[in-house]
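Treat the numbers as computed from the prediction; the structure is a model and nothing was measured. Order of the sequence lines sets the chain letters (A, B, ...), proteins ahead of strands, with each chain counted from 1.
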2 protein chains.
Amino acid sequence: MLAFLSRVDEAMNSSGEGATQARETGTLGKLMVLLDLVTHADAPLRFTDILALAGQPRGTLHRQLSHLLEEGLLELDGDGRYAPGLRLLDFAARSWARNEFRLIAEPHLSDLQQATGETVHLGVLRGQSIIYLDKVDGRQPVRMYSQIGNASPCYCTGVGKAALSLLPAEGLVDLLAGLSFTSFTASTHVSAETLLAEIREIAVEGYAFDREEHEAGIRCVAAPVWSQDRSFIGGISITGPAYRLSMELLRQWAVPVQLAAGRIMEDMRIRLGPRR
Amino acid sequence: MLAFLSRVDEAMNSSGEGATQARETGTLGKLMVLLDLVTHADAPLRFTDILALAGQPRGTLHRQLSHLLEEGLLELDGDGRYAPGLRLLDFAARSWARNEFRLIAEPHLSDLQQATGETVHLGVLRGQSIIYLDKVDGRQPVRMYSQIGNASPCYCTGVGKAALSLLPAEGLVDLLAGLSFTSFTASTHVSAETLLAEIREIAVEGYAFDREEHEAGIRCVAAPVWSQDRSFIGGISITGPAYRLSMELLRQWAVPVQLAAGRIMEDMRIRLGPRR
DNA sequence: AAATTGAGTTCCAAATAATGGAATAACAGC
DNA sequence: GCTGTTATTCCATTATTTGGAACTCAATTT
């Protein structure tokens with residue numbers, strides 16, 4: 001309710017797709033922009049590179065980076081370039097291990113994986129992104145960080161669209177207004193209008209598809225999952241290659257996905273108490 | 001050399017076992033102490049709990065926590081308690097996916113796992129802790145975050161002791177002086193003297209054992225791995241239950257572990273160039 | 001060898017943000 | 001409706017951050 005709305009409002013500011021803007025968190029906000037810059041780059045950055053990207057005075061930037069280094073949030077590689085620091089791993093490991101949503105969902109994800117033989121994901125909406133909390137893949141030991149923890153856009157993933165279908169009208173419109181669409185494939189939504197139309201449909205049906213919208217050749221069917229207090233708004237999905245997962249098959253799997261989602265929510269009611 | 005020593009000096013300040021002290025990073029340092037507090041707790045904390053732990057004035061603490069919330073580094077659960085934020089996952093996922101050390105070591109870890117059938121770890125020294133960068137376990141899909149990213153003490157793990165054996169005398173003594181020993185099992189080192197003696201031995205032999213020092217019933221054999229520029233100082237290990245891994249068997253495995261470590265270092269020389 | 005360029009670091013008065021004590025608000029239990 | 005507990009807001013004081021310029025260092029060119 002109130003708590004939920006304020007949560008979404010705040011979240012609007014965070015971890016979007018495009019421009020990383022300074023938030024109203026003073027010194028911390030400025031440092032997080034830098035951390036974002038370095039972690040989102042696909043290679044270590046030299047001081048001068050960051051100088052150009054951050055648009056800050058040299059002296060200021062230098063001290064900011066020094067602080068981030070000293071805290072272990074950034075590291076210098078052998079060539080004096082800035083890379084993400086390993087201390088982040090420790091923080092994240094704890095954040096993940098303790099996450100209630102994930103802990104409760106885990107057995108149900110495994111069940112769903114067993115039933116379908118395909119990869120199952122759990123994701124949660126944070127700001128404009130879906131953060132993947134878990135992944136169960138039958139075949140080989142999973143390279144987990146490669147998927148878990150990854151933030152993906154909400155407008156072109158099954159879990160993302162399922163999650164959006166849970167938002168109240170007002171919050172949804174605000175969120176969509178802030179999106180900047182990247183056309184990952186020919187099927188990616190590129191306007192808030194068509195996306196909104198699909199989300200309205202999803203809200204009625206109770207499940208969502210990803211028709212190769214994020215990655216060519218990859219489809220999924222997803223169902224929304226939420227905690228009663230709305231602190232978790234997300235979804236679960238069955239994902240796989242288009243050649244194996246026909247749209248017809250995905251439509252059949254809508255039911256088991258929704259059932260699994262229902263069981264997760266029931267477990268949450270039991271384990272977290274009636275208020276949540 | 002110089003760069004390396006300063007790296008270790010700085011690292012001395014970070015992520016130790018015991019007291020979390022304020023570093024000289026101004027506002028950021030104070031906020032990181034709070035983030036540490038919340039992520040290292042084993043349950044979400046209420047405002048008042050943090051107030052007692054942090055020993056800060058109410059107003060100050062409240063604003064600091066608000067900033068951390070707004071940045072997504074912390075989150076409020078349904079009961080208004082502070083928990084680690086999921087934005088940390090996104091940072092960590094990127095940090096992990098790009099880590100050169102891990103990328104290069106990965107195939108050799110798999111080989112070692114295949115050869116022995118036991119769990120193989122890759123860890124790197126950061127401050128007084130070993131941060132596990134990778135884990136290859138043959139049997140079931142791995143719950144990765146549960147191990148990867150975890151920071152463990154350097155004085156009671158095979159990888160940790162192997163890593164310490166790579167430090168120059170001066171740096172080692174400084175690091176040991178800053179340790180506070182927790183006796184996890186009956187075999188855990190509890191003094192710098194006995195630890196130093198063992199590390200000297202490890203430096204000569206080229207491999208280290210964990211004789212149930214961190215967790216009862218768990219043994220390992222480890223070999224040190226380092227990059228030429230010393231920006232990575234760590235090790236790899238074969239770990240398993242004591243009933244299956246006799247000390248005799250571990251002694252036999254010292255050779256393959258050392259060979260794998262050698263291959264990782266050779267690959268690093270090739271891939272990272274002669275200076276690193 | 002001297003000069004030049006590019007990259008990174010240090011310095012310090014002015015501008016800005018953080019501090020913390022006290023007052024206020026929200027809420028659960030009685 | 002009161003009471004104790006917990007959380008939030010306020011604002012003059014204080015400490016930190018800022019950013020332009022000067023400086024160092026190493027590599028490259030003249």
Side-chain angles (χ1 to χ4, degrees), chain A residues 1-7 9-10 22-35 37-38 43-71 73-83 229 231 273-276, chain B residues 1-3 6-7 9-10 22-35 37-38 41 43-71 73-83 229 231 273-275:
Chain A
M1 14 192 114
L2 259 183
F4 162 55
L5 284 176
S6 72
R7 224 172 248 133
D9 287 350
E10 286 159 16
R23 280 163 286 265
E24 276 314 310
T25 47
T27 306
L28 177 63
K30 294 162 199 161
L31 291 171
M32 294 306 287
V33 169
L34 287 181
L35 193 54
L37 258 173
V38 176
L45 298 172
R46 291 174 317 163
F47 180 85
T48 319
D49 300 332
I50 304 176
L51 189 64
L53 289 167
Q56 299 233 53
R58 306 166 73 77
T60 303
L61 181 66
H62 189 262
R63 180 183 35 74
Q64 291 173 330
L65 290 173
S66 304
H67 285 177
L68 289 169
L69 284 178
E70 192 157 343
E71 289 295 337
L73 300 178
L74 292 181
E75 296 185 2
L76 278 179
D77 74 3
D79 301 330
R81 293 172 309 182
Y82 292 84
D229 71 344
S231 59
R275 281 172 305 175
R276 301 173 54 191
Chain B
M1 15 197 114
L2 260 185
S6 71
R7 225 173 247 132
D9 287 350
E10 285 160 15
R23 280 163 287 265
E24 276 315 309
T25 47
T27 306
L28 178 63
K30 295 165 199 161
L31 291 171
M32 294 306 286
V33 169
L34 287 181
L35 193 53
L37 257 173
V38 176
L45 298 172
R46 291 174 316 162
F47 181 85
T48 320
D49 300 332
I50 305 176
L51 189 64
L53 289 167
Q56 298 232 55
R58 306 169 72 77
T60 303
L61 181 66
H62 189 262
R63 180 184 34 73
Q64 290 172 332
L65 290 173
S66 304
H67 285 177
L68 290 168
L69 285 178
E70 192 157 343
E71 290 296 337
L73 301 177
L74 292 181
E75 296 186 1
L76 278 178
D77 74 1
D79 301 331
R81 293 172 310 180
Y82 292 84
D229 71 344
S231 57
R275 280 173 304 176

Exercise for the section: Can you tell me the distance, in whole Å, between the CG atom of B:Leu51 and the C1' atom of D:dT8? Expected result: 13 Å
Practice task
Starting at atom CG of A:Leu65, determine the distance to atom C1' of C:dT9, rounded to an integer number of angstrom.
Solution key: 12 Å
Exercise for the section: Indicate yes or no: at least one non-hydrogen side-chain atom of A:Leu31 is less than 4.5 angstrom from one of B:Thr27. Expected result: no
Exercise for the section: Output the distance between atom CD (A:Gln64) and atom CG (A:Leu68), rounded to the nearest 0.5 Å. Expected result: 7.5 Å
Problem - Toward the 5' end of DNA chain C, by each residue's nearest nucleotide, A:Asp49 or A:Thr27 - result: A:Asp49
Problem - Nearest-0.5 Å distance that lies between atom OG1 in A:Thr48 and atom CG in A:Leu61 - result: 9.5 Å
Fill in the blank from the handout: Which of D:dG19, C:dA18, D:dT8 is nearest the side chain of B:Arg63? It is C:dA18
Completion exercise
Output for pair (A:Leu37 CG, A:Leu45 CG), nearest 0.5 Å, gives 7.5 Å
Completion exercise
B:Ala54 and B:Leu34 have their tightest heavy-atom pair at CB-CD2, 3.8 Å
Handout entry: Spacing of B:Phe47 atom CZ relative to D:dA7 atom P, expressed in whole Å
Key = 7 Å
Handout entry: Spacing between B:Asp79 atom CG and C:dA26 atom P, to the nearest angstrom
Key = 20 Å
Completion exercise
Side-chain contact check for A:Thr60: nearest option of D:dT16, C:dG20, D:dT18 is D:dT18
Handout entry: Approximate separation, where rounding is to 0.5 Å, of B:Leu69 CG and B:Glu71 CD
Key = 10.5 Å
Practice task
Could you work out which one of C:dG8, C:dA18, D:dT8 sits closest to the side chain of A:Thr48?
Solution key: C:dG8
Practice task
Could you check if a side-chain atom of A:Asp49 sits within less than 4.5 angstrom of a side-chain atom of A:Tyr82, using non-hydrogen atoms only?
Solution key: no
Between protein and nucleic acid, restricted to nucleotides 12-16 of chain C and to nitrogen or oxygen atoms under 3.5 Å apart, what atom pairs and distances do you find?
none

Fill in the blank from the handout: On DNA chain C, more 5' by nearest nucleotide between A:Leu28 and A:His62 is A:His62
Exercise for the section: Take the C1' atoms of the five end pairs on each side of the helix from C:dA1-D:dT30 to C:dC30-D:dG1, get both axes, and report the angle to 10 degrees. Expected result: 40°
Exercise for the section: Check if the side chain of B:Arg58 and the base of C:dG21 share a donor-acceptor pair of N or O atoms closer than 3.5 Å. Expected result: no
Exercise for the section: Enter the distance from B:Gln56:CD to B:Arg63:CZ here, rounded to the nearest 0.5 Å. Expected result: 9.0 Å
Practice task
Rounded off to whole Å, could you give me the CD-to-C1' distance for the B:Gln56 and D:dA15 pair?
Solution key: 14 Å
Practice task
Measure the distance from CD1 on A:Ile50 to C1' on C:dG6 and round it to the nearest whole Å.
Solution key: 17 Å
Completion exercise
Rounded to whole Å, the CD-P distance (B:Gln64 to C:dG20) equals 9 Å
Practice task
Could you state the atom-to-atom distance from CZ of B:Arg46 to P of C:dA28 in whole Å?
Solution key: 14 Å
Completion exercise
dist B:Leu28:CG -> A:Leu73:CG (nearest 0.5 Å) comes out at 6.0 Å
